[in-house]
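Below, chain A is the first sequence line, B the second, and so on; all start at residue 1.
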2 protein chains.
Amino acid sequence: MTKRDELIQTAFTLFYMNGVHSVGINQILAEAGIAKKTLYSHFASKDALLEAVIAYRDERFQAWLFGLMNSTSSPPEMIAAMFQGLDDWFNDRVNTLMPFQGCFFVKVNGEFFQHRVNELCHAHKQAILDYTQMRLSETYSDERAAQLANQIVLLKEGAIAQAYLGHDHNAAKLAGGMALALLPTP
Amino acid sequence: MTKRDELIQTAFTLFYMNGVHSVGINQILAEAGIAKKTLYSHFASKDALLEAVIAYRDERFQAWLFGLMNSTSSPPEMIAAMFQGLDDWFNDRVNTLMPFQGCFFVKVNGEFFQHRVNELCHAHKQAILDYTQMRLSETYSDERAAQLANQIVLLKEGAIAQAYLGHDHNAAKLAGGMALALLPTP
DNA sequence: ACAGAGGTAGACCAATCTGTCTACCATTTA
DNA sequence: TAAATGGTAGACAGATTGGTCTACCTCTGT
């Protein structure tokens, strides 16, 4: 793994736990065991590092979630896979994601205002909505798929929020049950 | 309004928009037009000010939400009032709350780790869950009321998240529809 | 053999942060 | 009238921040 990747991973872990503004460059460097000059040869600024961290997490999270959803062939299966995945994530049974600390993008987004990272965080959420809707439109009309996707994504966000700040580690199961109930009875 | 309250209000507005760590004491003082010594005669530290801000927002938010829910006499009415209130909030039709910028407690909570403010933010969410469950247990069994309350609160959190980071200003209507569908058909 | 790339360690700079302090002012109360 | 209270303005201290820079080291490719 390159120094660049080590920096991104270390920065992600620290940002995810403590927030972006609470974590200094020097702390990241000390934790990663990397020199300051190396960081600034790879990234122009802390902001640039943060953008790379966001892109890294976005890629990892999408690969994980879409991987689960992709290997299903009907809406009920897909929804079950999605919320089963969330349940695994909340209860730290997913190796590729870090120990659950809520949604990274929600956290980061909350620390900035009218800033480029707000757009990046929104884009992550939009990508998940778009993928879900695309998959549902294989079965339902565009209009129906759009409504269902919005409902499912809303339940997913609610589950993450309740699992984190609500300390409810069954939130994914609860949300998954509601999501399945949205589908027409077969 | 006392200087103490002015400080709390100004600090809240800035924290809510920009995050806690991005906003300095001097910025709050300049915005409020208050001297630094006055701040430190009322609060021991920035952390103490933040705790007062959290308590202030908690009180305001509960007064608003429980006010809406309290003047209803059946679960369907109560849920309708709750999500109608959220819809008003998301679309800036509530004077007593500030212009919608997501959930203050979710934002603040994300900036700290193993800190007292995490407990305070959780307590706010717990209070809303408890009130909802208490009201539902007037109609349903304790077990049923507990499950329903968890579902409703999850929908509420999902709606807030989708309204803010998802840019979906209809999230409250969508969530409200799902919440009403949870109740047994009359 | 040697040039160049990529790394380390850390001194350093300017800015900013929280928090303390002095000096002074205005109002209220005994 | 005198004391106490609560305020303003802002200098100041000490720590910390993001970012630059020098000096040196260690590979690798030609």
How long is the line joining [atom1] of [X] and [atom2] of [N], in whole Å?
X     : N      : atom1 : atom2 : result
B/L49 : C/dC17 : CG    : P     : 15 Å
B/L39 : D/dG10 : CG    : C1'   : 15 Å
A/I34 : C/dG10 : CD1   : P     : 16 Å
B/R4  : D/dG7  : CZ    : P     : 12 Å
A/L50 : D/dG18 : CG    : P     : 12 Å
A/K3  : C/dA5  : NZ    : C1'   : 15 Å
A/N18 : D/dT17 : CG    : C1'   : 16 Å
B/H21 : C/dT16 : NE2   : C1'   : 15 Å

Using the rule ring pair (Phe, Tyr, Trp, His ring centres under 6.0 Å), only one of B/Y56, B/F104, B/F105 pairs with B/H124; which is it?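 It is B/F105, the one option of B/Y56, B/F104, B/F105 that forms the ring pair (Phe, Tyr, Trp, His ring centres under 6.0 Å) with B/H124.
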Classify the ring geometry of A/F61 against A/W89: parallel below 30°, tilted from 30° to 60°, perpendicular beyond 60°.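 Judged by the thresholds at 30° and 60°, the geometry between A/F61 and A/W89 is perpendicular.
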Just to confirm, is there a sub-4.0 Å distance from OP1 or OP2 of C/dT18 to any side-chain nitrogen or oxygen of B/S45?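 Negative; the distance criterion is not met.
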Can you figure out which of [options] approaches the side chain of [X] most closely?
X     : options               : answer
B/S41 : D/dT17, D/dC21, D/dG7 : D/dG7
B/K36 : D/dG18, D/dG10, C/dT8 : D/dG10
A/I25 : D/dG18, C/dT18, D/dG7 : D/dG18
B/Y40 : C/dG19, D/dT8, D/dG18 : C/dG19

Please classify the nucleic acid contact of A/H42 as base, sugar-phosphate, or nothing, using heavy-atom distances under 4.0 Å.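 Result for A/H42 = sugar-phosphate.
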Could you walk me through whether A/K107 and A/Y164 pass side chain to side chain donor-acceptor pair (under 3.5 Å), step by step? CA-CA 11 Å; A/K107 283 181 158 189; A/Y164 188 49; 2.9 Å; yes
Side-chain donor/acceptor contact of A/K46 with base of D/dG19 under 3.5 Å: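 Flag unset: no donor-acceptor pair detected.
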Is it the case that C/dG10 (base atoms only) and A/K37 (side chain only) share a donor and an acceptor within less than 3.5 Å, ignoring hydrogens and angles?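 Donor-acceptor pair under 3.5 Å: no.
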Gap separating the CD1 atom of A/I79 from the CG atom of A/L182, nearest 0.5 angstrom: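 So the gap between those two atoms works out to 7.0 Å.
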NZ or CZ of B/R57 within 45° of B/F15 ring axis and under 6.0 Å: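 No cation-pi geometry.
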